[in-house]
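All residue numbers in this chain count up from 1 along the given sequence.
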Amino acid sequence: MFVAPYAFISFFPAAFLFGKSGWEYYGWLAPLVAIYAMLASIYIFQRGLVKYESAGH
């Protein structure tokens, strides 16, 4: 889960800026990957809240 967003925020935009052939169009997927990562983290957080039991009760 952590490898793909890291690649999309560093490697693909740099490849686009430097004109490296073959990789430049993958940088346009960065917003989609960001939305997917955000939705996945919200889902995981919500599941954790449902299963949470405080120490006081």
Side-chain angles (χ1 to χ4, degrees):
M1 176 93 170
F2 298 109
V3 175
Y6 180 73
F8 275 90
I9 63 169
S10 62
F11 177 75
F12 294 123
F16 176 76
L17 290 174
F18 293 123
K20 300 291 183 183
S21 63
W23 295 103
E24 62 270 4
Y25 296 109
Y26 289 106
W28 293 106
L29 294 175
L32 296 175
V33 172
I35 291 170
Y36 170 75
M38 181 186 69
L39 292 175
S41 64
I42 289 171
Y43 174 75
I44 292 169
F45 182 75
Q46 293 296 327
R47 291 217 18 150
L49 285 178
V50 168
K51 295 183 182 249
Y52 176 72
E53 296 179 11
S54 76
H57 293 135

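Chaining together hydrophobic side chains whose heavy atoms lie under 4.5 Å apart leaves Y52 on its own. Chaining together hydrophobic side chains whose heavy atoms lie under 4.5 Å apart places L49 alongside F45.
Residues passing the side-chain contact (heavy atoms from CB on, under 4.5 Å) test with L32 are L29, sequence neighbours excluded.
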